Amino acid sequence: MVQYVAAAAAVTSAVMQYRAAQATEENYKAKAKMEELKGRVAAVQAREEGVLVLDNMIEQMAYNNAFGGKGNVDPFSGSRLGVGLKMQSKGLREYDITQTNANISKAMGEYQAAIDRSAGKTAKKLGYANAVLTLGQGAFAYNQLTPGSTDMGLKVAP
């Protein structure tokens with residue numbers, strides 16, 4: 001009777017380890033999706049910053065044109081042109097930086113998601129291995145507790 005209890009305990013433990021491994025993998029999958037989403041959100045935020053940079057550049061260029069027009073100065077010649085080009089150059093450079101940041105954020109999210117997926121697969125495999133090991137230990141315990149099986153099939157010559 002004791003051997004049946006030991007066998008049932010081993011099977012139950014193995015099943016619980018198997019299910020725990022599955023749950024751990026699902027947890028890592030969910031975390032991976034969250035990391036991807038974080039990367040996308042950061043990318044959108046960086047792109048929004050880029051749009052703000054361009055809006056600011058347009059405002060500054062409009063101000064430059066209006067200021068030049070007020071004084072009856074051609075805004076596309078002389079120092080006004082130099083100022084406009086400088087503002088445009090700076091704005092576009094800042095915009096490029098924000099776009100690069102957006103791409104980096106998205107890539108980092110995808111990279112972290114890949115790490116989490118890999119960790120989930122590893123946890124699942126280890127959980128399955130532990131379940132099989134528990135079944136093996138249970139079978140060994142059952143064999144030890146079964147009457148007449150304590151010699152494990154080994155016969156000693158007289």
Side-chain angles (χ1 to χ4, degrees), residues 4-143:
Y4 298 118
V5 172
V11 168
T12 301
S13 178
V15 168
M16 296 304 284
Q17 288 176 352
Y18 178 82
R19 290 197 177 156
Q22 288 176 324
T24 301
E25 182 187 34
E26 290 302 316
N27 186 25
Y28 276 111
K29 283 182 181 177
K31 187 177 177 195
K33 287 182 182 179
M34 185 177 69
E35 290 297 333
E36 283 180 339
L37 185 58
K38 279 184 187 177
R40 288 183 189 147
V41 167
V44 168
Q45 288 172 340
R47 286 194 171 98
E48 286 176 350
E49 289 174 15
V51 169
L52 290 175
V53 165
L54 292 177
D55 285 344
N56 186 39
M57 181 184 70
I58 290 169
E59 279 181 28
Q60 292 299 317
M61 290 178 76
Y63 172 76
N64 187 37
N65 285 339
F67 187 75
K70 178 183 173 205
N72 294 325
V73 176
D74 181 10
F76 300 106
S77 64
S79 64
R80 297 272 180 234
L81 176 62
V83 170
L85 290 175
K86 187 82 166 169
M87 284 190 300
Q88 188 177 20
S89 174
K90 181 181 177 195
L92 292 174
R93 188 171 50 249
E94 287 180 21
Y95 177 77
D96 285 343
I97 290 170
T98 60
Q99 296 309 300
T100 300
N101 288 341
N103 292 336
I104 289 171
S105 296
K106 187 175 178 193
M108 287 303 295
E110 291 169 357
Y111 179 72
Q112 184 60 47
I115 290 171
D116 290 338
R117 282 191 193 93
S118 177
K121 288 177 184 177
T122 301
K124 183 178 178 181
K125 288 177 185 177
L126 287 174
Y128 290 173
N130 285 336
V132 170
L133 180 63
T134 300
L135 285 175
Q137 290 171 340
F140 179 76
Y142 177 82
N143 189 33

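Hydrogens, waters and symmetry mates play no part in the numbers below; they use all other heavy atoms, side chains included. Model, not experiment: these values are computed from the prediction.
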Atom OG1 in T98, atom CG in L52: separation rounded to 0.5 Å? 9.5 Å
Hey, could you give me the CG/NZ distance between D116 and K121, rounded to the nearest 0.5 Å? 12.5 Å
To the nearest 0.5 Å, how far apart are CZ in R40 and CD in E35? 12.5 Å
So which heavy atom on K106 is nearest to which on A43, and how close? CB-CB, 4.2 Å
Side chains of residues 14-31: which donor-acceptor pairs under 3.5 Å do they make with residues two or more places apart or in other chains?
residue: Q17; atom: OE1; partner: A131; partner atom: N; Å: 3.1
residue: Q17; atom: OE1; partner: T134; partner atom: OG1; Å: 3.0
residue: Q17; atom: NE2; partner: T134; partner atom: OG1; Å: 3.3
residue: Y18; atom: OH; partner: Q22; partner atom: NE2; Å: 3.2
residue: T24; atom: OG1; partner: A20; partner atom: O; Å: 2.8
residue: E25; atom: OE1; partner: K124; partner atom: NZ; Å: 3.2

N103 versus Q99, side-chain donor and acceptor atoms under 3.5 Å: no
Nearest 0.5 Å, please: how far is CD in E94 from CD1 in I97? 6.5 Å
How long is the span from the CD atom in Q45 to the CG atom in N101, to the nearest 0.5 Å? 11.5 Å
Distance-only, no hydrogens or angles: does the S118 side chain make a donor-acceptor pair with backbone N or O of I115 under 3.5 Å? no
Give the minimum heavy-atom separation between V53 and Y95, together with the two atoms involved. CG1-N, 3.9 Å
For residues E36 and E110, report the shortest heavy-atom separation together with the two atoms involved. CG-CA, 4.4 Å
